[in-house]
Each structure stands twice: as C-alpha cells, then as structure tokens.
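Report on the structure given below.
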Amino acid sequence: MKIVFATNNQHKLTEVRDILGKRFEVLSLNDINCHADIPETGTTLEANALQKAHYIYDKFGMNVFADDTGLEVDALGGAPGIYSARYAAIDQSEASAGHDSEANMSKLLRELGENNNRKARFRTVIALIIDGEEHLFEGIVNGEIIRERRGGEGFGYDPIFEPEGYSNTFAELGENIKNKISHRARAAQQLANYLLNK
C-alpha cells in the first residue's frame, strides 16, 4: 500500500518506515514532487497535523498522514509546545535561528535556569486521511530536562531529554532503543495497528 508521509525530514521518515515495515510504501513529499512550504497555522498539535494532511490529500488525492510534535515543559507552562521546532526564533534577538536545535536547547535551558521542576513530555500527534476519513493517533513519552547536553545521536531536543525509566538521554540511547520507546514510535505504532487491521 502506498501512503504519503507529509515530511522531508529524513530522521522521521526512517523512524516511521522502520515501524510500518515492508507492507507499506511510505512516500515523502519529495517523492510526490511536493516542494511547497505547507502551512502550519494551528494552535494545537492536532490542528497542525490535520492541516498538513489535508493540504496533501486535497492537492494530490493520495492517502496521507502528517505529524506534529511538541516538547511540553511543566515549569514553562507547557512551552515550547507547538513552537518547539522554532522556539529560539520567537525571540527577536534570535530571529534568524529558524529550526536551529542548538539555539532551541540553549533557550530552553536558559529559561529553566536552576528550576528543580524539570518534568517534561514529548507529544506526537499523527493525523491520517485515508479514503477521505480523518483519524488521529497520539504518542507521549514522559521524562525530564537535564541540565546539560549529553549524547551525539538523535535530533532536536534529544540531548537534553531523559525519558522516564532511563538514565540516558534520547541522544545517548541510540536509534534502535529510541525508535521503540519514542513519542513518534508510539503514535506510529497506533497508526500501523490501524492500517494493518483496516
């Protein structure tokens, strides 16, 4: 079965292709010649994921899923949330940061400061549109923000996020373990279960 994953992020594609296995041909935006900057103007992860999925379904008429992920930090009132990928760019002083993981981590650690409440969660929402029907799947990993970066694998906030039950960050655990326990893996597993039983 061919299905579009509305992303060109190679990390995400590899992770999701591994989970969905060989029964699905997961196409990227590049694979379908979509080079548009798909809008994400929603105020929730759910709204952003649905917006991206609808853009592809409406324009290309292909079954599609899209995800949106946010890091939600308790002491920061759930921030950065939907702004996780461009957190540093929200500051005028760092407006050129864009999707700059280093700048995002620096800002987060600076804002947390010496606060001892380091509780946080990664949350991924996957929106699927198949044969015109919408479905949502959610994956959550609880953990905490450590005080300095550790590990060289992964991407985004992985070097400062230590998942519950582990003494290593996502960036230290390696792709194999992370792909089994991550927020995206959990949401993608629900997606896979749904598609396999359809």
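Among all heavy-atom pairs drawn from A53 and A66, the shortest one is N-CB, 3.7 Å. The two residues N117 and A75 make their nearest non-hydrogen contact at O-CB, 3.5 Å. Minimum interatomic distance between E153 and D158 (heavy atoms only, all atoms of both residues): O-CB, 4.3 Å. Here the closest heavy-atom approach between residue V16 and residue A188 is recorded as CG2-CB, 4.4 Å. Of all the heavy atoms in A187 and F137, the pair that sits closest is O-CB, 3.8 Å. Nearest approach of Y55 to P39, heavy atoms of both residues: CD1-CD, 4.1 Å.
Other residues, nucleotides and ligands contribute at most 12 non-hydrogen atoms within 6.0 Å of the OH atom of Y83. Annotation for N176: atom CG does not count as buried by contact number, only 12 or fewer foreign heavy atoms lying within 6.0 Å.
Taking the six-membered ring where tryptophan is involved, the planes of F161 and F170 are tilted, since the angle between them lies from 30° to 60°.
Inter-residue side-chain proximity for H54 and I129 is flagged as met; some heavy-atom pair is nearer than 4.5 Å. At least one side-chain heavy atom of E138 sits under 4.5 Å from a side-chain heavy atom of I140. Side chains of L108 and L76 form a contact here, defined as non-hydrogen atoms less than 4.5 Å apart. At a threshold of 4.5 Å between non-hydrogen side-chain atoms, the residues Y194 and I126 do not count as touching.
Under the 4.5 Å side-chain heavy-atom criterion for Ile, Leu, Val, Met, Phe, Trp and Tyr, I146 and V141 are members of the same hydrophobic cluster. Following chains of ILVMFWY side-chain contacts shorter than 4.5 Å, one cannot reach L13 starting from I32, and the two form parts of different hydrophobic clusters. Hydrophobic clustering (side-chain heavy atoms under 4.5 Å, transitive across Ile, Leu, Val, Met, Phe, Trp, Tyr) keeps L50 apart from V4. Placement of V125 and Y57 in two distinct hydrophobic clusters is found when ILVMFWY residues are connected by side-chain heavy-atom separations under 4.5 Å, directly or transitively. Under the 4.5 Å side-chain contact rule for hydrophobic residues, M105 and L112 share a cluster.
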Given side-chain contact (heavy atoms from CB on, under 4.5 Å), test R121 with D74 step by step and report yes or no.
-> CA-CA 8 Å; R121 76 199 59 78; D74 282 6; 2.6 Å; yes
Could you walk me through whether E144 and E164 pass side-chain contact (heavy atoms from CB on, under 4.5 Å), step by step?
-> CA-CA 7 Å; E144 61 178 45; E164 230 170 50; over 6 Å; no
Which is it for L45 and T69 under the side-chain contact (heavy atoms from CB on, under 4.5 Å) test, yes or no, and what are the steps along the way?
-> CA-CA 7 Å; L45 298 176; T69 294; 5.7 Å; no
Given L128 and L195, is the side-chain contact (heavy atoms from CB on, under 4.5 Å) satisfied, shown in steps?
-> CA-CA 10 Å; L128 167 70; L195 290 173; 4.1 Å; yes
Tell me, with the steps shown, if S28 and D31 meet side chain to side chain donor-acceptor pair (under 3.5 Å).
-> CA-CA 5 Å; S28 68; D31 293 332; 3.2 Å; yes
Apply salt bridge (charged side-chain N to carboxylate O under 4.0 Å, His left out) to R150 and E162, showing your working.
-> CA-CA 10 Å; R150 289 200 325 251; E162 192 175 276; 2.9 Å; yes
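For the pair E133 (side chain) and I130 (backbone), a donor-acceptor distance under 3.5 Å is absent. No donor-acceptor pair closer than 3.5 Å links the side chain of N63 to the backbone N or O of I3. For R123 (side chain) and G70 (main-chain N/O), no donor-acceptor pair under 3.5 Å exists by modelled atom type. A side-chain donor-acceptor contact under 3.5 Å links N8 to the backbone of N30. One N or O on the side chain of Y157 and one on the backbone of S84 form a donor-acceptor pair closer than 3.5 Å. With N104 contributing its side chain and A85 its backbone, the two residues share a donor-acceptor pair below 3.5 Å. Checked by atom type and distance alone, the side chain of K52 pairs as donor or acceptor with a backbone atom of D67 at under 3.5 Å. Of the possible polar contacts, one joining the R118 side chain to the I145 backbone as a donor-acceptor pair under 3.5 Å is found. Judged purely by atom type and a 3.5 angstrom limit, R186 uses its side chain to pair as donor or acceptor with the backbone of I181. Looking only at distances, a side-chain donor or acceptor of K107 sits under 3.5 Å from a matching main-chain atom of Y87.
Note that CE of M1 is 11.5 Å distant from CD of E25, once rounded to the nearest 0.5 Å. Here the OG1 atom belonging to T124 is positioned 10.5 Å from the CG atom belonging to L71, to the nearest 0.5 angstrom. Separation of atoms CD1 (I19) and CG (L191) is listed at 9.0 Å; rounding is to 0.5 Å. Taking CZ from F155 and CD from Q10, the interatomic distance works out to 11.0 Å, rounded to the nearest 0.5 Å. Atoms CG and SG, on L27 and C34 in that order, are 12.0 Å from each other to the nearest 0.5 Å. Rounding to the nearest 0.5 Å gives a distance of 11.5 Å between CD1 of I38 and CG of N48.
The residues R149 and E102 are annotated as salt-bridged, a charged nitrogen and a carboxylate oxygen being separated by less than 4.0 angstrom.
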